[in-house]
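So the structure is just underneath, and the comments pick up after that.
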Amino acid sequence: MQRATALERRIDAVAHRLLHGAPARGFRAALIEFAVFVLKQAWACVFGAALLLAIVAARLWYPDDAVIARNDALTLAAVAIQIAMLAFRLESGRELWVIVLFHLTGTVMELFKTDVGSWTYAGDGILRIGGVPLFSGFMYAAVGSYMVRVYRVFDLGFTRYPRRWVTAIVAAAIYVNFFLHHFWWDARWVLLLAVVLLWMPTVMHARVWRRTLKLPLLLAFAGVAVFIYFAENIGTLAGAWAYPDQADGWQLVSPGKLVSWFLLMIISVVLVTWVYPPREPTRLLAEPAAGAGERVAGGGRGPV
């Protein structure tokens with residue numbers, strides 16, 4: 001795997017040995033492709049999955065009378081997860097800069113949004129800034145971690161990707177609108193239209209195993225937004241935070257939040273492109289097919 005960590009290269013080598021000689025066609029081949037796709041997705045979102053498990057575990061089993069408040073314990077758990085990601089070489093130092101930047105931009109937005117009452121956190125703990133426990137920033141970091149990891153583990157290539165400086169302007173406008181719409185006109189639908197028009201021609205090429213998946217990039221964006229929406233419902237059900245309409249009891253997060261997460265995700269996507277500039281898929285497609293006995297373990301990219 002290009003840009004792979006040492007651990008990922010070892011896992012990749014084992015995967016190549018296990019799948020060497022696997023059928024290239026038929027139902028079993030399709031099943032293998034599907035299994036590898038799921039495993040790669042799981043590998044890409046390991047940060048977010050670990051943090052979500054910590055949130056659920058804290059809700060179910062963390063004692064209310066513990067010396068360390070629940071929110072503080074979540075913050076310590078989030079720090080431990082981030083340290084482990086680096087210690088086990090699941091993230092590179094280069095990728096960490098994007099994750100930290102998205103962490104900071106998310107924390108700033110959290111401070112503002114909680115102040116205007118968009119959502120609230122429990123008031124326990126000392127590891128907080130105002131009404132925002134510090135673990136909240138790691139939820140944005142988890143999204144950033146997924147974005148940078150999914151890029152390399154799927155060997156992502158793009159056709160007709162828009163110019164990065166244009167995408168940066170759109171991302172900056174989206175971020176500003178998250179604040180400005182509380183005082184002025186909400187431009188989210190205009191910004192959503194801008195995103196659609198800008199990325200509509202773009203096709204994403206994702207290496208799975210032997211096959212390369214091609215799909216409109218907007219569809220991939222929408223899929224990630226839906227996944228985050230499901231995770232948000234789990235987080236609010238676990239009591240990590242609450243929206244105003246959940247004050248009297250939990251209910252599903254408003255589907256309108258899908259648009260918010262879709263737009264917020266664009267910010268993360270744009271940040272990642274400054275670490276991994278979008279590339280044409282020609283070089284990727286020209287590589288020998290995985291498992292054909294022509295690749296050296298660790299010589300391509302790909303989470304398995």
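Each residue takes its place number in the sequence, starting with 1. Computed from a predicted structure; not experimentally measured.
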In terms of heavy-atom contacts, does [atom1] of [X] have more than 12 from other residues, nucleotides or ligands at under 6.0 Å?
X: Ile68; atom1: CD1; result: no
X: Arg164; atom1: CZ; result: yes
X: Arg89; atom1: CZ; result: no
X: Ile169; atom1: CD1; result: yes
X: Trp97; atom1: CH2; result: no
X: Phe34; atom1: CZ; result: no
X: Phe179; atom1: CZ; result: yes

Under 4.0 Å between a Lys/Arg side-chain N and an Asp/Glu carboxylate O for Asp72 and Arg128?
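No, no charged N to carboxylate O under 4.0 Å.
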Between His182 and Phe112, is the ring-ring contact (aromatic ring centres under 6.0 Å, His included) condition met? List the steps.
CA-CA 10 Å; His182 288 278; Phe112 176 80; 5.3 Å; yes
How about Ile267 and Leu264: do any of their side-chain heavy atoms sit closer than 4.5 Å?
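When only atoms from C-beta onward are counted, Leu264 and Ile267 do touch, with a gap below 4.5 Å.
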Would you say Ile55 and Met139 make side-chain contact, with heavy atoms under 4.5 Å?
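Yes. Closest side-chain heavy atoms under 4.5 Å.
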Once you round to the nearest 0.5 Å, how far does [atom1] of [X] lie from [atom2] of [Y]?
X: Met109; Y: Tyr140; atom1: CE; atom2: OH; answer: 3.5 Å
X: Trp241; Y: Trp119; atom1: CH2; atom2: CH2; answer: 9.5 Å
X: Tyr243; Y: Ser118; atom1: OH; atom2: OG; answer: 8.5 Å

Side-chain donor-acceptor pairs of residues 233-240 under 3.5 Å, sequence neighbours excluded:
{"unit_1": "Asn233", "atom_1": "OD1", "unit_2": "Val253", "atom_2": "N", "d": "2.8"}
{"unit_1": "Asn233", "atom_1": "ND2", "unit_2": "Tyr229", "atom_2": "O", "d": "3.0"}
{"unit_1": "Thr236", "atom_1": "OG1", "unit_2": "Glu232", "atom_2": "O", "d": "3.1"}
{"unit_1": "Thr236", "atom_1": "OG1", "unit_2": "Asn233", "atom_2": "O", "d": "3.0"}
{"unit_1": "Thr236", "atom_1": "OG1", "unit_2": "Trp250", "atom_2": "NE1", "d": "2.9"}

May I have the list of side-chain donor-acceptor pairs in residues 215-223 shorter than 3.5 Å, sequence neighbours left out?
none

Parallel, tilted or perpendicular, as decided by the 30° and 60° cut-offs, for the rings of Phe138 and His103:
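Taking Phe138 first and then His103, their aromatic rings stand perpendicular (interplane angle over 60°).
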Backbone of Ala58 reached by a side-chain donor or acceptor of Arg70 within 3.5 Å:
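Judged by distance alone, yes, a pair lies under 3.5 Å.
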Hey, is the main chain of Ala141 close enough, under 3.5 Å, to the side chain of Ser145 for a donor-acceptor pair?
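Judged by distance alone, no pair lies under 3.5 Å.
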